[in-house]
Trainee: 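Before I ask anything, let me first share the structure, which is written out below as structure tokens.
Index from 1, following the sequence.
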Amino acid sequence: MLRILLTNDDGIEAQGIRRLAEALLDLEEAEIYVVAPAEERSGVGHGLTYRSALAPVSHAFYGLPVKAWAINGNPADCVKAACHLLFEDRRRPDIVFSGINVGTNLGRDIYYSGTCSGAREAVILGVPGVALSYDNWYAQDDFGRVGELIRPLLQMFCEQAADKKLPADVFWNVNIPHLPPEQVKGIAPAALALHHYEDRYDREDGGYWLTREYPDGQQQSDADDYHLVKNGYITVTPVHIDATDRSLLAEMAEWPLVKQRGQGTT
């Protein structure tokens with residue numbers, strides 16, 4: 001039986017992870033586990049807990065037939081704890097789904113996002129990982145018919161995980177527009193939009209709060225995730241965890257400071 005692990009960065013009480021569990025229960029005969037932060041951990045990136053002990057606690061989960069734990073840590077901690085501590089038989093999950101996040105994780109968000117780190121940590125541990133985010137930042141209690149929207153993708157990822165067909169070293173970043181299913185134009189492969197917003201700090205109450213602004217008329221690629229989500233597509237981006245620029249490795253061989261392997265000193 002397929003073993004599915006769910007995590008998120010909005011916390012174990014968030015509606016998004018409940019909607020994700022419900023969608024999977026409708027879809028698969030599988031054992032589903034939830035290991036999620038006890039409190040919201042948005043924007044923590046791939047942070048791990050080193051300076052305090054993790055303390056997983058069993059947690060009721062909306063009366064659904066899943067086994068759940070809350071953890072005093074980050075999403076990456078949750079995936080590590082599940083794989084190393086919480087399953088008595090030590091069998092790892094077949095796939096990890098992280099989300100459904102409140103608001104999108106587009107472009108360079110993947111480096112800051114706790115949601116993405118949950119999926120990335122799964123891949124680091126040798127388990128397929130999928131991050132899911134929903135474009136409802138300004139209507140955070142409204143998840144619409146998101147389960148209906150993502151059901152085909154969930155089915156595909158579960159089937160490919162069961163057949164061991166998902167590639168190693170890649171997690172999948174999925175972003176879903178806040179639209180009814182009949183208005184969604186389809187599912188599109190998408191590149192990361194790395195420059196679709198600019199950072200801004202607003203002064204308030206004696207401090208500075210990080211916000212964003214989205215410049216009007218900014219040049220966009222019609223194949224990037226920001227453009228596609230804003231135009232009504234569900235986007236899927238394969239994100240490789242090996243960030244090595246191999247073309248520059250070849251150029252570095254010509255640096256005067258670099259000694260080629262196998263060359264002796266004269």
Trainee: What residues form a side chain to side chain contact (heavy atoms under 4.5 Å, CB included) with Ala21, not counting sequence neighbours?
Mentor: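 For Ala21 the side chain to side chain contact (heavy atoms under 4.5 Å, CB included) partners, ignoring immediate neighbours, are Leu6, Phe61, Leu64.
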Trainee: Between Ile12 and Val96, is there a shared hydrophobic cluster once you connect ILVMFWY residues whose side-chain heavy atoms come closer than 4.5 Å?
Mentor: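 In one cluster with Ile12: Val96, no.
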Trainee: Return the set of residues passing salt bridge (charged side-chain N to carboxylate O under 4.0 Å, His left out) with Glu213 (not counting sequence neighbours), or none when no residue passes.
Mentor: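 Once residues adjacent in sequence are excluded, the partners of Glu213 under the salt bridge (charged side-chain N to carboxylate O under 4.0 Å, His left out) criterion are Arg200.
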Trainee: Should Leu154 and Leu24 count as side-chain neighbours, where that means a heavy-atom distance under 4.5 Å?
Mentor: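 A side-chain contact exists here, since the closest heavy-atom pair is under 4.5 Å.
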Trainee: Assigning hydrophobic clusters by single linkage (Ile, Leu, Val, Met, Phe, Trp, Tyr; side-chain heavy-atom cutoff under 4.5 Å), is Leu132 placed with Ile187?
Mentor: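 Yes, one cluster joins them.
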Trainee: What pair of heavy atoms forms the shortest contact from Val44 to Gly114, and how long is it?
Mentor: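 Shortest heavy-atom contact: CG2-CA, 4.2 Å.
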Trainee: Is there side-chain contact between Asn101 and Asn8, with at least one heavy-atom pair below 4.5 Å?
Mentor: no
Trainee: Could you tell me if the side chain of Glu31 sits less than 4.5 Å from the side chain of Leu2, heavy atoms only?
Mentor: no
Trainee: Does any N or O in the side chain of Asp224 come within less than 3.5 Å of the main-chain N or O of Tyr226, such that one atom is a donor and the other an acceptor?
Mentor: yes
Trainee: Taking C-beta and beyond as the side chain, do Phe171 and Cys116 meet within less than 4.5 Å on heavy atoms?
Mentor: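 Yes; the side chains approach each other to less than 4.5 Å.
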Trainee: Under the side-chain contact (heavy atoms from CB on, under 4.5 Å) rule, what do Leu27 and Arg151 come out as? Steps first, then yes or no, please.
Mentor: CA-CA 7 Å; Leu27 205 65; Arg151 191 167 289 120; 3.1 Å; yes
Trainee: Does CD in Glu148 sit with more than 12 non-hydrogen atoms of other residues, nucleotides or ligands closer than 6.0 Å?
Mentor: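 It does: Glu148 CD has more than 12 such atoms within range.
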Trainee: Could you work out, with side-chain hydrogen bond (donor to acceptor under 3.5 Å, both in side chains) as the rule, every residue matching Asn136, not counting sequence neighbours?
Mentor: none
Trainee: Give me the atom names and distance for the closest heavy-atom approach of Ala36 to Cys78.
Mentor: C-SG, 3.4 Å
Trainee: Working to the nearest 0.5 Å, report the span between OH of Tyr208 and CG of Asp205.
Mentor: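 If we round to the nearest 0.5 Å, Tyr208:OH and Asp205:CG are 12.5 Å apart.
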Trainee: Treat each ILVMFWY residue as a node, draw an edge where side-chain heavy atoms are under 4.5 Å apart, and state whether Leu153 and Leu20 are in one component.
Mentor: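 As far as the 4.5 Å side-chain criterion goes, Leu20 and Leu153 are connected within one cluster.
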Trainee: Apply side-chain contact (heavy atoms from CB on, under 4.5 Å) to the pair Ile100 and Ile17, showing each step before the final yes or no.
Mentor: CA-CA 5 Å; Ile100 301 168; Ile17 198 169; over 6 Å; no
Trainee: Mind checking side-chain hydrogen bond (donor to acceptor under 3.5 Å, both in side chains) for Thr49 and listing every partner two or more places apart, or none if nothing turns up?
Mentor: Asp77
Trainee: Please check this pair: side chain of Asp163 against backbone of Lys165, looking for a donor-acceptor N/O pair closer than 3.5 Å.
Mentor: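 No; judged by distance alone, with no hydrogens or angles, the pair does not exist.
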Trainee: Suppose we call two aromatic rings close when their centres sit under 6.0 Å apart. Are Trp209 and Tyr201 close by that rule?
Mentor: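 They do not qualify: ring centres at least 6.0 Å apart.
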Trainee: Do any N or O atoms from the side chain of Arg120 and from the backbone of Val170 form a donor-acceptor pair under 3.5 angstrom?
Mentor: no
Trainee: What pairs meet the side chain to side chain donor-acceptor pair (under 3.5 Å) rule with one or both residues in residues 232-243, with sequence neighbours excluded?
Mentor: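 Output for this query lists Asp242-Thr244, Asp242-Arg246.
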Trainee: Could you see if Leu54 belongs to whatever hydrophobic cluster contains Val57? Use Ile, Leu, Val, Met, Phe, Trp, Tyr and a side-chain cutoff under 4.5 Å.
Mentor: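 No: no chain of side-chain contacts under 4.5 Å links Leu54 to Val57.
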Trainee: Please check if Val239 and Leu106 belong to a single hydrophobic cluster, counting links between Ile, Leu, Val, Met, Phe, Trp and Tyr side chain heavy atoms closer than 4.5 Å.
Mentor: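 As far as the 4.5 Å side-chain criterion goes, Leu106 and Val239 are not connected within one cluster.
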Trainee: Is Arg92 reaching over with its side chain to a backbone N or O of Gly126, donor-acceptor style, under 3.5 angstrom?
Mentor: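 No; judged by distance alone, with no hydrogens or angles, the pair does not exist.
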Trainee: For Asp109, enumerate each residue passing the salt bridge (charged side-chain N to carboxylate O under 4.0 Å, His left out) test, keeping only those at least two apart in sequence or located in another chain.
Mentor: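 Checked Asp109 against salt bridge (charged side-chain N to carboxylate O under 4.0 Å, His left out); matches are Arg212.
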Trainee: How close do Ser42 and Glu40 get, counting heavy atoms only, and between which atoms?
Mentor: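 Looking at all heavy atoms of both residues, the closest pair is OG-OE2, 2.8 Å.
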Trainee: Quick check: closest heavy atoms across Ala119 and Ala131, and the distance to 0.1 Å?
Mentor: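 Nearest pair, atom of Ala119 first, then Ala131: CB-N, 3.7 Å.
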Trainee: Is any side-chain heavy atom of Ile234 closer than 4.5 Å to a side-chain heavy atom of Asn175?
Mentor: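 In short, these two side chains do not touch, never coming nearer than 4.5 Å.
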Trainee: Do Pro37 and Pro75 come close enough that some side-chain heavy atom pair is under 4.5 Å?
Mentor: yes
Trainee: With the side chain counted from C-beta on, respond yes when Val66 and Leu25 share a heavy-atom pair under 4.5 Å apart, and no when they do not.
Mentor: yes
Trainee: Between Ser133 and Ile176, is the side-chain contact (heavy atoms from CB on, under 4.5 Å) condition met? List the steps.
Mentor: CA-CA 6 Å; Ser133 304; Ile176 307 131; over 6 Å; no
Trainee: What ring pair (Phe, Tyr, Trp, His ring centres under 6.0 Å) pairs are there with at least one residue in residues 86-106, not counting sequence neighbours?
Mentor: Tyr33-Phe87
Trainee: Listing request: all ring pair (Phe, Tyr, Trp, His ring centres under 6.0 Å) pairs with a residue in residues 105-137, at least two apart in sequence or in separate chains.
Mentor: Tyr134-Phe143, Tyr134-His178
Trainee: Test: side chain to side chain donor-acceptor pair (under 3.5 Å). Region: residues 50-72. Which pairs qualify, not counting sequence neighbours?
Mentor: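 Qualifying pairs: Glu13-His59.
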Trainee: Asn105 and Ile110: which non-hydrogen atoms are nearest, and at how many Å?
Mentor: O-CG2, 4.5 Å
Trainee: What is the minimum heavy-atom distance between Val229 and Pro177, and which atoms define it?
Mentor: O-CB, 3.8 Å
Trainee: Let's go through Asp10 and Arg41 carefully: what are the C-alpha distance in whole Å and the side-chain angles of both, what is the deciding distance for salt bridge (Lys or Arg N to Asp or Glu O under 4.0 Å) to 0.1 Å, and is it a yes or a no?
Mentor: CA-CA 6 Å; Asp10 291 324; Arg41 299 286 179 146; over 6 Å; no
Trainee: Listing request: all side chain to side chain donor-acceptor pair (under 3.5 Å) pairs with a residue in residues 79-90, at least two apart in sequence or in separate chains.
Mentor: Arg3-Asp89, Lys80-Glu121
Trainee: When you look at Val127 and Val79, which way does the side-chain contact (heavy atoms from CB on, under 4.5 Å) test go after all the steps?
Mentor: CA-CA 10 Å; Val127 178; Val79 177; over 6 Å; no
Trainee: Distance from Gln15 atom CD to Arg19 atom CZ, nearest 0.5 Å?
Mentor: 6.5 Å
Trainee: To the nearest 0.5 Å, what is the distance between CD1 (Ile241) and CG (Asp169)?
Mentor: 4.5 Å
Trainee: Holding to side-chain hydrogen bond (donor to acceptor under 3.5 Å, both in side chains), I want the full list of residues that pass it with Asp9, two or more places apart in sequence or in another chain.
Mentor: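 Expected list: Thr115.
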Trainee: Excluding sequence neighbours, so at least two apart, what forms salt bridge (charged side-chain N to carboxylate O under 4.0 Å, His left out) with Glu22?
Mentor: Arg18
Trainee: With heavy-atom distances below 4.5 Å as the criterion, would you say the side chains of Ile95 and Val130 are in contact?
Mentor: yes
Trainee: Would you confirm whether Ser117, through its side chain, and Gly45, through its main-chain N or O, come within 3.5 Å as a donor-acceptor pair?
Mentor: yes
